[in-house]
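Quick caveat, the model's predicted, so the values are computed rather than measured.
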Amino acid sequence: MGLFVYLPLVLPLTAWPVARLAAQHLHPRTATRLLASLAAVMALCSTLCLALLMVVGTAQLPGNPLPDAWSDPEVRAALPYDEVAGAAAIPALLAVCAAVGRTVWRHLAVRRRAARAVAGLKGTSVAVLGDAADGAAYAYALPGPPGRSGPGRVVVTRALLDRLGPAERRALFAHERAHLAARHHRFLLVTQLAARANPFLVPLRTATAYTVERWADEDAARVVRDRRVVARAIGKAALLAGRAPAPGLAGLAAAGPVPRRVAALLAPAPAARTRPSLFTGVGLALWCAAGGTAVSAMSSANAAVTMVLVLRAATPL
């Protein structure tokens, strides 16, 4: 096999500069959508590459589940294969599938557990939890039941509400409602799955967790019309918050670094620019990652088409 076949596995490295530059220079809404899209495409391409390596690399090994025609000498000559790479791709693909499946299961389990915890509480859009034994203070956005289209609920503890002023409470609820309205949990889940599929995409997951919170911060600042109030609410929540009760769900102080979020709120509101210039750092990084994504997709598609054509030619009618 040529090196071109392995490109989808390593091209996610081209997205690393975007993870930081997009978070710094793009509007959080644009950065979140960009990072999640890049992560999804590159993860799909790298997983498809592993599957093709496994199928093509082990086609000639005894006991493989492929048609007998794959062992034909003409197919062996026409199809490049590497038994070592194919054998190594098997445990790698199994590990990816297990990690992705476990992430989905944990995400759904967290949502179900959080939904059961607030099922008996009154109220439709806000659920206020009583004081816990450890005095935990936190707030997070709980989406509707999996598989259903629901508005979701804002979950907040009484301990946190008691420590926030009236304006800061409005900022808190505006922040969490922004998470629900934009369905930020989907962006977080996509990047979590992508990072499980390819560890090179971990920076995109981290950056997306930050830009999602910044997106909600800016929406809350627009609602309350005071950026400093939102900054104070975030700072107080971060000082009071302990371990996240619902990991993977967006919350006021769930994802850091909090000092960067506070500093961004104390600065002027970012411009809603969606297409950065090519001659800036984020523009160059964006086009580099886009090129890497395109090459990765074409490489995986080319390998898949080649495998299908050879299989059709080898399979007797």
| Main-chain N/O of Gln192 paired with Arg196 side-chain donor or acceptor, under 3.5 Å | no
| task | Look at the side chain of Thr32 and the backbone N and O of Thr208, then say whether any donor-acceptor pair between them is shorter than 3.5 Å. | result | no
| query | Can you name the nearest heavy-atom pair linking Thr211 to Ala31, along with the distance? | reply | CG2-CB, 3.9 Å
| note | side chain to side chain contact (heavy atoms under 4.5 Å, CB included) filter on Ala174, not counting sequence neighbours, yields Ala220, Val223
| task | Report yes if some heavy atom in the side chain of Arg260 is under 4.5 Å from a heavy atom in the side chain of Glu213; otherwise report no. | result | no
| said: Going by the rule salt bridge (charged side-chain N to carboxylate O under 4.0 Å, His left out), which residues pair with Arg33 if we only count those two or more places apart in sequence or in a different chain? | reply: none
| message | Any heavy-atom pair between the side chains of Leu172 and Leu160 that's under 4.5 Å? | response | yes
| query | So, do Leu265 and Arg214 sit near enough that their side-chain heavy atoms are less than 4.5 Å apart? | reply | yes
| query | side chain to side chain contact (heavy atoms under 4.5 Å, CB included) between Lys236 and Arg163: does it pass, once the steps are laid out? | reply | CA-CA 8 Å; Lys236 288 185 178 180; Arg163 289 168 174 80; 5.9 Å; no
| said: Leu266: which residues meet the side chain to side chain contact (heavy atoms under 4.5 Å, CB included) condition with it, sequence neighbours left out? | reply: Arg228, Ala231, Val262
| remark: salt bridge (charged side-chain N to carboxylate O under 4.0 Å, His left out) filter on Arg227, not counting sequence neighbours, yields Glu218
| remark: What one should report as the nearest heavy-atom pair of Ala40 and Val190 is CB-CG1, 3.8 Å
| request: Under the side chain to side chain donor-acceptor pair (under 3.5 Å) rule, collect the residues that match up with Arg169, sequence neighbours excluded. | output: none
| note | Across all chains, not counting sequence neighbours, the side chain to side chain contact (heavy atoms under 4.5 Å, CB included) partners of Ala39 are Thr191, Ala194, Leu204
| said: Determine whether Val154 and Tyr140 satisfy the following criterion, side chain to side chain contact (heavy atoms under 4.5 Å, CB included), listing intermediate values before the conclusion. | reply: CA-CA 6 Å; Val154 176; Tyr140 60 88; over 6 Å; no
| task | State yes or no: do Val202 and Leu189 share one hydrophobic cluster built from I, L, V, M, F, W and Y residues joined by side-chain heavy-atom distances below 4.5 Å, directly or via other members? | result | no
| Sub-4.5 Å side-chain heavy-atom contact between Gln24 and Leu21 | yes
| query | Which heavy-atom pair separates Ala22 from Leu35 by the least distance, and what is that distance? | reply | CB-CD2, 4.3 Å
| query | Taking atom NE2 of His107 and atom CZ of Arg102, what is their separation to the nearest 0.5 Å? | reply | 15.5 Å
| request: Would you please test Leu180 and Glu176 for side chain to side chain contact (heavy atoms under 4.5 Å, CB included) and show each step? | output: CA-CA 7 Å; Leu180 294 174; Glu176 301 303 341; 5.8 Å; no
| note | Heavy atoms of Leu93 and Ala51 approach each other most closely as CD2-CA, 3.9 Å
| task | Return the minimal non-hydrogen interatomic distance between Leu50 and Ala92, and the atom names on each side. | result | CD2-CB, 4.1 Å
| Is the shortest heavy-atom distance from the side chain of Trp215 to the side chain of Tyr210 under 4.5 Å? | no
| request: For Arg222, check salt bridge (charged side-chain N to carboxylate O under 4.0 Å, His left out) against everything at least two apart and list the hits. | output: Asp219
| Taking only residues two or more places apart in sequence or in another chain, which ones pass side chain to side chain donor-acceptor pair (under 3.5 Å) with Thr47? | none
| task | State, with a plain yes or no, whether a side-chain heavy atom of Leu129 is found less than 4.5 Å away from one of Arg158. | result | no
| remark: Of all heavy-atom pairs linking Ala19 and Pro203, the shortest is CB-O, 3.6 Å
| request: For Arg170, check side chain to side chain contact (heavy atoms under 4.5 Å, CB included) against everything at least two apart and list the hits. | output: Ala167, Val224
| Side-chain contact, heavy-atom cut-off 4.5 Å: Pro143 with Arg183? | no
| Angle class for the His184/His179 ring planes (parallel below 30°, perpendicular above 60°, tilted otherwise)? | perpendicular
| If we only count heavy atoms from C-beta on, is the Ser125 to Arg153 side-chain gap below 4.5 Å? | no
| request: Go through the steps to decide whether His185 and Arg111 satisfy the test side chain to side chain contact (heavy atoms under 4.5 Å, CB included), and finish with yes or no. | output: CA-CA 10 Å; His185 64 282; Arg111 290 180 59 178; 3.7 Å; yes
